[in-house]
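We name chains A, B, ... by the order of the sequence lines, and we start the count at 1 in each one. Heavy-atom basis, side chains included; hydrogens, waters and symmetry copies ignored.
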There are 2 protein chains.
Amino acid sequence: MSDEGDLERRELALLLRRLNVELDAVTARFAEVHGLNRTDVRALVAIMDAARRGEALTAGRLGEAVDLRSASVTALVDRLEKVGHVRRVRDPEDRRRVGLEMSESAMVAGAEHFGGLARDLTAAMDGYTDEELAVVRRWLEDMTAVITRHNRA
Amino acid sequence: MSDEGDLERRELALLLRRLNVELDAVTARFAEVHGLNRTDVRALVAIMDAARRGEALTAGRLGEAVDLRSASVTALVDRLEKVGHVRRVRDPEDRRRVGLEMSESAMVAGAEHFGGLARDLTAAMDGYTDEELAVVRRWLEDMTAVITRHNRA
DNA sequence: GTCGAATATCTCGATCGTCGAGAGATTACC
DNA sequence: GGTAATCTCTCGACGATCGAGATATTCGAC
């Protein structure tokens, strides 16, 4: 491998890091606009993702998703419920469980912000051939695998 | 554009998001291993980046880098200094300013964790031709531009 | 069916990170 | 020299998170 090639590889790693910073800013911006903190946004995203999969997240599952203890989840859901973003729904099958349902307004706000970004991203990929996108996909999967392994080890 | 192509583009956006999550976990892991919180790690990274550029960050500049008010920066530097990761060095040119210098041990720990990841990432790019990496670079720059614009607007 | 263990959530008190307001020290400008 | 601007720090308050334990519900063994 050439020295130039190695330099290019390092630059790609730096580009990836810069992209990561900008992606974090997406969350931060949504939080600021809607008067939420970072955890609240992560929770809403987790609930929205689950809803898209057809599941209704319980308080406990949400805690696992955002890595919080039960006491913090209670406070978290209290905050989100107070501003009307989620509803607590006791599960009739198992009345210990509390299901979480996003309000219509929160769904709309989330779809507007994150869905809008997703639309812009896919649109920006129009200038790429299928072959090029296949290369990008392979690269993304490879990098993700390396990072995941790094986190586990 | 074909429907399959559009689906592929959406999947790439999801892959990017997944990669973002794993990259965040890198920071979280370093924090956990070294008994720091997220902000502390971001601060150390900012100081290390500045050092690599040959600058010594002041308390104020660090606050801008990690988006904290002066009161929080004081507390932040107190924490880092207490565990021996940074030193306060009064600037002899302008004695209002406080320069921040990373300790040798902190530099080593950071290089080990983040440098090790960077090494693995670049190594994983060995299986790519220069042309393929050029495509990846273009894609990363395009996506970053879209996200940055999204954050500004 | 009943009783104890397991599960799911909540309450309470404590801790820590962040902030606004303002003080203290130093430098820049006129 | 005196005043405004700059940089950092102190103080008191607030909010997010946690551990420990309380409460309610379900499951399993008998």
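- Residue-to-nucleotide proximity on DNA chain C shows that, of Asp94(A) and Ala71(A), the 5′-proximal contact is made by Asp94(A).
- Not one side-chain nitrogen or oxygen of Ser72(A) sits closer than 4.0 Å to the OP1 or OP2 atom of dT17(D).
- With Asp24(A) as the fixed residue, the side-chain contact (heavy atoms from CB on, under 4.5 Å) test singles out one of Thr27(A), Asn20(A), Val26(A): Asn20(A).
- Look at CZ on Arg97(B): it is 14 Å from P on dC9(D), rounded to the nearest Å.
- By the 30° and 60° cut-offs, the orientation of the rings of Phe30(A) relative to Phe114(A) is tilted.
- Atom-to-atom, CD of Glu93(B) to P of dT27(C) comes out at 10 Å; the value is rounded to the nearest Å.
- As rounded to whole Å, 11 Å separates atom P of dC19(C) from atom CG of Leu76(B).
- One interatomic measurement links the two molecules: CG of Asn37(A) to C1' of dT17(D), which rounds to 11 Å at whole-angstrom precision.
- Among Arg79(B), Arg42(B), Glu32(B), the single residue meeting the side-chain contact (heavy atoms from CB on, under 4.5 Å) criterion with Asn37(B) is Arg79(B).
- The side chain of Arg69(A) has dC18(D) as its nearest neighbour among dT9(C), dC18(D), dT17(D).
- Residue-level contact check: Arg88(A) touches the backbone only, with heavy atoms under 4.0 Å from sugar-phosphate atoms and none from bases.
- Atom C1' of nucleotide dA8(C) and atom CG of Leu62(A) are separated by 14 Å, given to the nearest angstrom.
- Here Thr39(B) reaches the OP1 or OP2 of dT18(C): one of its side-chain N or O atoms lies under 4.0 Å away.
- Between the CG atom of Asp78(A) and the P atom of dT9(C) there is a distance of 13 Å, rounded to whole Å.
- Side-chain nitrogen and oxygen atoms of Arg38(A) include none within less than 4.0 Å of the OP1 or OP2 phosphate oxygen of dG15(D).
- One atom, CZ of Arg90(B), and another, C1' of dT27(C), lie 13 Å apart when rounded to the nearest Å.
- Within the structure, a side-chain polar atom (N or O) of Arg95(B) is placed less than 4.0 Å from OP1 or OP2 of dT26(C).
- Backbone-only engagement by Leu68(A) is indicated by non-hydrogen atom pairs under 4.0 Å involving sugar-phosphate atoms exclusively.
- Among dA16(D), dC10(C), dG17(C), the nucleotide with an atom closest to any side-chain atom of Ser70(A) is dC10(C).
- Within 6.0 Å of CZ on Arg137(A) lie more than 12 heavy atoms contributed by other residues, nucleotides or ligands.
- The listed nucleotides are dC18(D), dC10(C), dT26(C); the one nearest the side chain of Val98(A) is dC10(C).
- Between Pro92(A) and Ala59(B), the residue anchored closer to the 5' end of DNA chain D is Ala59(B), taking for each the nucleotide with the nearest heavy atom.
- When rounded to the nearest whole Å, the span between CG of Asp91(A) and C1' of dA24(D) equals 14 Å.
- Checked by atom type and distance alone, the side chain of His85(B) never pairs as donor or acceptor with a backbone atom of Ser105(B) at under 3.5 Å.
- Put simply, the side chain of Arg96(B) and the base of dT6(D) share a donor and an acceptor less than 3.5 Å apart.
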